[in-house]
Structure formats: C-alpha cells, structure tokens
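If you're wondering where the values come from, they're calculated on a predicted model, not measured in any experiment. Below, chain A is the first sequence line, B the second, and so on; all start at residue 1.
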2 protein chains.
Amino acid sequence: MAELSKRSRVRRHPERGLYEREAIDAILDEALHCHVGFVVDAQPFVIPTIHVRVGNLLYLHGSPASRMLRELGTGVDVCVTVTLVDGVVLARSVYNHSLNYRSAVVLGRARMVEDRAEKLNALEAVVEHVCPGRTREARGPKDEELAATTVLALAINEASAKARTGPPKDFDADVDLPIWAGVIPLRLTAGPPETEERVPAGVAVPAYATDFRRSRRRGQPRDEELSR
Amino acid sequence: MAELSKRSRVRRHPERGLYEREAIDAILDEALHCHVGFVVDAQPFVIPTIHVRVGNLLYLHGSPASRMLRELGTGVDVCVTVTLVDGVVLARSVYNHSLNYRSAVVLGRARMVEDRAEKLNALEAVVEHVCPGRTREARGPKDEELAATTVLALAINEASAKARTGPPKDFDADVDLPIWAGVIPLRLTAGPPETEERVPAGVAVPAYATDFRRSRRRGQPRDEELSR
C-alpha cells in the first residue's frame, strides 16, 4: 500500500479518499494519459503525456530533447495525476452541481531508465497500456530508436486517489422543487478505426482496434446502454 | 492574443504549437475539466477541477477549505492545463505510436473574486460551461452558499496550445510492412441521463441532458459514425 503522507492525504471531502492500492492502480491503468507537474525556476508546469504502470512503477517516456523529461531525469519532485470523468451531476441547486470522477495522484522523484531490457519492457508496456495486443504486431524498437527515447520510472510509494460517484446530493429543502436532477454518465468511447491510406489491401483491421475500449469498472453503464 | 513568452512556447514538436487565441479558447471551452498545478514547499501538486472561460478570464471555484484554492488565492504561480484526447495513433513501428490530442496551457497568478456580481456570474458560467441551459432551471446560489464558495480568476495572458492530428507518420522503410496502421478516434460521450429517485413524476428529463454533448471541432467524426 502506498504511503499515507500528510501531503498526499485527501483533505477536502475526505469521504471521497481512496487509499487502497488496488483502487489507485485501477485508475492509473484505465486512464490513457496523465498530467505531470514539475517546477522550473519556481514556476509550476503541467504537461499531458502517456504513462503506464508496471507493478509498483509508473513509466513516462518521450524525446531526449523534452524539457519535461530532462527536468524529471535530474530527480526533481514530480506529481503525476490521472483523472477519469464519469458523469455530470445535476443537482436542484447550482451549489450542489458536481462531476463524477476518479483521480489518482502520485508524488515522488523519477529516475532515468538506463538498462536496455527495462527500457524495452517499459516501451512495450506503454503500447500495451494504450492498446492491448498491439506489440505482437507492431515493429519493435531499433537500437537507434531506443537511443532516441528517454524513459523515466517513478515508484508508486506515495499516492492517493479520490472519487465522486452516485446521484446528486441536494439539501432536503430543495428536494421537492420541480427541477430535474440526476447524472449524465460520460465515458471515453471509440469510433470505427481509420486505416492509413498506404496500408496494403490484404491487411485487416485488427480486433484490438475495432473493439477498442478502456476497462469498465463495476457499476458503469455497459456499451449498449450508451446511446451516444 | 496571449503573450508568447519563452516559457510557454512549445519546444518539442514546434509544428504542433498553436498560438492563436481562438485555438486556445476552443480547447479551454470544450474541456469539461482542467488540471491545476501549484507548488507548496517546493513540491508540485496537480489537482483536477472544473474551470470556465469568460472572455479573457479563467475561473476556478470550490470550497474555502480547499488547500488548492487557498494557495492560489495568495497569488502564487499557477499552471492550468486542459487536454482533450482525440484518438489512438497506431503506427507500423512501436516508436511512432502516439495519441491525437489538443491541449492548452495557461500560466499566471490568480486573484480572489470578491465582487458579488462577478462571483455570481462566474458560478453561473461554470454551470453553463458544463451543461448549457442548466442555469435557467436550477435553483440559484443563496447568500450563504456564495459565502461558502471561493472563486478565483486567472487572466489568460500567457498561454499556448498544442495538438497532434491526423494519421500515423511512419518511416518510409516501414510503410510496406504487412502491419495495420491508422487511428482509433476517441471522444467523451454521454449515456442516457439517470434521474435521481426523488424527482417528482411530472418533471421531464431536460433536452440539455438527453442531448448532452461537447462541442465538436471540424473534422471530428459525427455521433452517428461512432459505434461505441
């Protein structure tokens, strides 16, 4: 279980705090991308990027020329946050409007991955994180591509998650107002794959593309219940 | 147009950089939520929250007890980032895999909104940002609810946006490989509204809930083209 430091404890709405490692991992695994926070000359920056969790490690990757990766590679403090938006919560009162969401925050310091095997494994894991099954078919990294890729690892030792679920929570005095209240469920959905124009005619669209979906947590609507 | 400072200029993939204010505003307006970066005791934190743009201002809001809002209210440096994920880009080579996305970054220092009219206007704008049409029906804020809400304003004076669009860009040597390549389009979609159980029987589900959608940029697939 991730360490429960004072700085990573959920303060507002503590009832929304999740500290079990399984809950944190499920959010990290479902999210396609994360937001990475770091500080340069006292200015915070927040940059979106793809992540992947492998056991107790979060991997980030990119170009060696990336300012973010160069900064993080020096071992500065970093905050990696992922957020999944699950619904719009419409209460009777403006005050009680909200979003349903699940988010996870990981604090720590990253290290550069130098070991070739770990680097290859991390890059394969990134592709599998986004599109399970893809690494069996895609052309793997060449030595010069590995050299042109920076991979960072961040141990998940200080982390927390937060979630809001369920219907709106209106004040009792508002419940009888003739105002519709409820939740509009939201999810990230995939459309039909768009084949690149030079793909040879005999190459079929793979099932992992036509059936693309993110993992669904219990209680989320099934695909067929989502009209749009 | 937002100032083009050195620190907000897109460095990696400069061809993906968008500095026109219209492009930045469109991303800020479509995104339901943002990620706010700030620094406490040299540690960066990245917290998701709802934002809204009104003209040249970004408004954030929440509880007066929120650590984030209290910190930002003191005028510290902040980075607000929003990201829209538009698709998974599957190239022939693992190296050229990517995501299609649009993101915007706003740097600056926020101020507490003390003026009652501005505060009310900002809270109404937040609700309209998430669900256009809702403020005509929802019960507006009472004085004690206004007092229990902190609103911050951040001028959009230093901002940039970045986007990746289109098909995978494989190396010429890889194009003839018998590997499928293309894009899996993604978007945030809404399911049927879930009515809260105490809503009176005569209150219909409003059209802004049944027809909920985020604005669609040109070139994005239409709803009916999205199977899932």
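Between chain B and the options A/P200, A/P168, A/P167, heavy-atom pairs under 4.5 Å are most frequent for A/P168. Counting heavy-atom pairs under 4.5 Å between each of A/Q43, A/E137, A/H33 and chain B puts A/Q43 at the top.
Put simply, the side chain of A/L90 does not reach to within 4.5 Å of the side chain of B/E196, judged on heavy atoms. In this structure, the side chains of B/R134 and A/I179 come closer than 4.5 Å at one or more pairs of heavy atoms. Using a 4.5 Å heavy-atom threshold, the side chains of A/H97 and B/V130 count as separate. Between B/E145 and A/F171 there is a side-chain heavy-atom pair separated by less than 4.5 Å.
Of the residues A/D170, A/D174, A/N96, the one that meets the side chain to side chain donor-acceptor pair (under 3.5 Å) test with B/R139 is A/D174.
Proximity to chain A involves both the backbone and the side chain of B/A148, based on heavy atoms less than 4.5 angstrom apart. For B/V80, no part lies under 4.5 angstrom from a heavy atom of chain A. Heavy-atom distances place the side chain of B/I50, and not its backbone, under 4.5 Å from chain A. Within the 4.5 angstrom heavy-atom criterion, only backbone atoms of A/V78 (N, CA, C, O) approach chain B.
Here the side chain of B/T81 pairs a donor or acceptor atom with the backbone of A/V46 at under 3.5 angstrom.
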